[in-house]
Amino acid sequence: MRRMWYQQTMFGWFQIKPMTSSRRVQDRSKNKRIHYLEIVKEKWKILSKVLFLMELLKKETEMVIPLRSLDKYRKQLNLPKPHKITDFIRKCPKLFELYKDQRGTLWCGMTKEAEDLLEEEERLIEEQSTKAVEYVTRILMMSVDKRIQLDKIAHFRRDFGLPIEFRTKWVNQYPQHFRVEKSKDGVEFLELVNWNPAWAITELEKRTLGLNDGIGREPGIISLPFPLKFPPNYKKVYRHGGKIEHFQKRSYLSPYAAARELKAGSLEFDKRAVAVMHELLSFTIEKRLVTDHLTHFRRELVMPQKLMRLLLKHFGIFYVSERGKRFSVFLTEAYEGSELIEKCPLLLWKEKVLSFIGYRGKKKEVPTFSDLSDMEERDIIEEKDIIEGDTEMEDTCADFEEEEIMGGLDAVSPTNDDELEISHVCNSYKGTS
């Protein structure tokens, strides 16, 4: 009897014991959503798919590829079932074209406008290479060992405007700044060659104090507050105003100063980590990064294990968007609404590509060619329902490498014969908020 009473009592206690509050990122940040930054993420999500396909075609010999070969790039294209790759391509007729050879094989190629855009991007990347070299060097200067694994830096290729041949060619063009070293187990590292005092100044110091020349100045303690920007409907800023003010007044160690001796979890450690994050985001084209990429640098840049908690804690400095499969963190001060305040030439190029995305009208029939070399002649042979008859591509779909389309935005996905317009993405997202 005593045993039964004890078991019943314990069972009842487990039943009535309240559950602890969820610590998921979604639950902790759902009341802090900045909808105009969510619109930014959705807009660039569409562009990422297009840019991936353009880069893929660029690597092909004649810049054309059989559609069945796109099946191996399912993750990168993120066209979840039941969407078809052919539908996505036809939504961008100003950038991509579909062809069919006499054997019935569908091919995808680029339009003249898309080829011109790629040539323009190459020119811009070359013009901005000096800045890219500076940013990569400054990351090495912030690292604890003054070297970082090459594969990790490659995560930032698009964010920093680095060329496609970043690993094989670009890193060897600037031996005065860094060099590639291979470890005993064959892992390649990018290693700092020369410390540049002029670059050991944070972007925040440059903007606030007007410091542009750091020769002879060693990085040390910084007492500058971080710019804060909250959404208009965020009321908790009044509740936490004292904590925010206390954090802002606290001095911290420069991201370029030696931080090996900092104790993890200390106030100094955390505020320096905020400074490192602020600096990294300031380097990027969109002032935004995928949080998964940041976690790879926790040891090299002396950042906390629970990096996401730090980003969410400092909501006025950073904004974490949890839409999609991968989270993104924004530097809030860099945005005015959904627009970046300062736009570099590569960002303007991306916006130009966005202006080419969109389609209104009925399905167009696919031209047929006797040979791939005849494509340039554009001898169109009329055929009906070519795309619908291609059974090999009926189930071709994918998960995008960076984000996935969420349920609330299914109406935006390119699944019908209407349009794929950036304005529709924004309006559809606003309807879900």
Side-chain angles (χ1 to χ4, degrees), residues 40-60 63 76-77 92 94-97 109-140 150 153-178 190 196 198-199 203 206-207 212 279-290 293 328 330-331 334-336 338-358 400-402 422:
V40 174
K41 184 173 180 180
E42 293 299 326
K43 178 176 68 174
W44 294 126
K45 182 195 300 184
I46 296 173
L47 180 65
S48 297
K49 299 180 182 182
V50 173
L51 293 181
F52 175 82
L53 186 53
M54 290 174 68
E55 285 189 356
L56 186 64
L57 290 169
K58 182 181 178 180
K59 295 176 182 178
E60 298 296 319
M63 290 197 289
Q76 291 84 349
L77 283 172
C92 306
K94 296 180 181 179
L95 298 175
F96 306 115
E97 294 178 321
M110 285 189 290
T111 63
K112 180 64 167 58
E113 290 87 347
E115 294 176 2
D116 292 340
L117 284 171
L118 286 179
E119 291 180 1
E120 182 181 354
E121 183 193 23
E122 287 183 0
R123 177 177 57 81
L124 291 174
I125 289 177
E126 180 64 27
E127 292 175 358
Q128 299 295 312
S129 61
T130 302
K131 209 63 181 176
V133 170
E134 176 186 339
Y135 290 154
V136 171
T137 305
R138 290 169 72 178
I139 292 178
L140 296 174
L150 191 59
I153 298 179
H155 288 313
F156 291 156
R157 184 179 68 80
R158 293 182 181 177
D159 301 306
F160 287 178
L162 303 175
I164 297 178
E165 64 276 7
F166 163 73
R167 306 184 198 206
T168 57
K169 181 180 177 181
W170 189 86
V171 291
N172 297 314
Q173 293 178 347
Y174 307 95
Q176 70 275 26
H177 296 296
F178 40 71
L190 196 62
N196 190 340
W199 290 348
E203 295 297 303
K206 290 181 180 179
R207 289 194 298 270
N212 292 315
E279 189 77 346
L280 281 177
L281 288 169
S282 298
F283 293 165
T284 61
I285 294 174
E286 301 171 21
K287 304 300 182 281
R288 174 182 74 97
L289 282 173
V290 176
H293 295 167
S328 293
F330 291 80
L331 188 62
Y335 283 85
E336 190 64 46
S338 59
E339 295 293 326
L340 267 173
I341 298 174
E342 297 181 3
K343 298 182 179 181
C344 69
L346 281 171
L347 184 75
L348 295 175
W349 177 84
K350 287 186 175 183
E351 292 183 343
K352 186 176 180 179
V353 177
L354 272 176
S355 67
F356 282 82
I357 300 174
F400 186 44
E401 65 175 346
E402 186 163 324
I422 301 303

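Note that the structure is a prediction, hence the values are computed from the model and not measured.
Sorted by first and then second residue, the salt bridge (Lys or Arg N to Asp or Glu O under 4.0 Å) pairs involving residues 159-170 (not counting sequence neighbours) are Asp151-Arg167. Applying the side-chain hydrogen bond (donor to acceptor under 3.5 Å, both in side chains) test to residues at least two apart or on different chains, the pairs with a partner in residues 344-354 are Glu120-Lys352, Glu286-Lys350, Lys343-Glu351.
Between Arg157 and Ile164 the shortest side-chain heavy-atom distance falls below 4.5 Å. Counting only heavy atoms from C-beta outward, the side chains of Ile341 and Tyr335 never approach each other to under 4.5 Å. When side chains are defined from C-beta on, Arg138 counts as touching Glu279, because their heavy atoms get closer than 4.5 Å. Residues Phe178 and Thr137 meet the side-chain proximity criterion, which asks for heavy atoms closer than 4.5 Å. Inter-residue side-chain proximity for Phe166 and Ile153 is flagged as met; some heavy-atom pair is nearer than 4.5 Å.
Expressed to the nearest 0.5 Å, how far CZ of Arg207 lies from OG of Ser282 amounts to 5.0 Å.
Residues passing the side-chain hydrogen bond (donor to acceptor under 3.5 Å, both in side chains) test with Glu60: none are found, sequence neighbours excluded. Checked against ring pair (Phe, Tyr, Trp, His ring centres under 6.0 Å), Tyr174 has the following partners two or more places apart in sequence or in another chain: Trp170. With sequence neighbours excluded, the residues that form a side-chain hydrogen bond (donor to acceptor under 3.5 Å, both in side chains) with Glu113 are Thr111. Every side-chain hydrogen bond (donor to acceptor under 3.5 Å, both in side chains) that Asp116 has, sequence neighbours left out, goes to Lys112.
Shown here is Gln176, whose CD atom has more than 12 heavy atoms of other residues, nucleotides or ligands within 6.0 Å. Other residues, nucleotides and ligands place no more than 12 heavy atoms under 6.0 Å from the NZ atom of Lys94.
Between Glu127 and Arg123, at least one side-chain N (NZ, or NE/NH1/NH2) sits under 4.0 Å from a carboxylate O, which counts as a salt bridge. Note on Glu55 versus Lys58: no salt bridge recorded, every NZ/NE/NH1/NH2 to OD/OE distance being 4.0 Å or above. Salt-bridge check for Glu203 with Lys287: failed, with every basic side-chain N at 4.0 Å or more from each acidic carboxylate O.
Ring orientation note: the planes of His293 and His155 are close to parallel, at an angle under 30° on the 30°/60° scale.
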Point to revise | Phe156/Leu289 under side chain to side chain contact (heavy atoms under 4.5 Å, CB included): CA gap, chis, key distance, verdict | key: CA-CA 8 Å; Phe156 291 156; Leu289 282 173; 3.8 Å; yes
**Study point:** Criterion side chain to side chain contact (heavy atoms under 4.5 Å, CB included) on Phe283 and Lys131, from CA distance to verdict
**Key:** CA-CA 9 Å; Phe283 293 165; Lys131 209 63 181 176; over 6 Å; no
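For the pair Pro345 and Leu124, the tightest heavy-atom approach, listed with the atom from each and the gap, is O-CD1, 3.8 Å. When all heavy atoms of Ala114 and Leu95 are compared, the closest pair comes out as CB-O, 3.3 Å. Here the closest heavy-atom approach between residue Ser338 and residue Lys43 is recorded as O-NZ, 4.5 Å. In terms of heavy-atom proximity, Leu340 sits nearest to Ala334 at CD2-O, 3.4 Å. Here the shortest heavy-atom pairing between Ile285 and Gly161 reads CD1-N, 3.6 Å.
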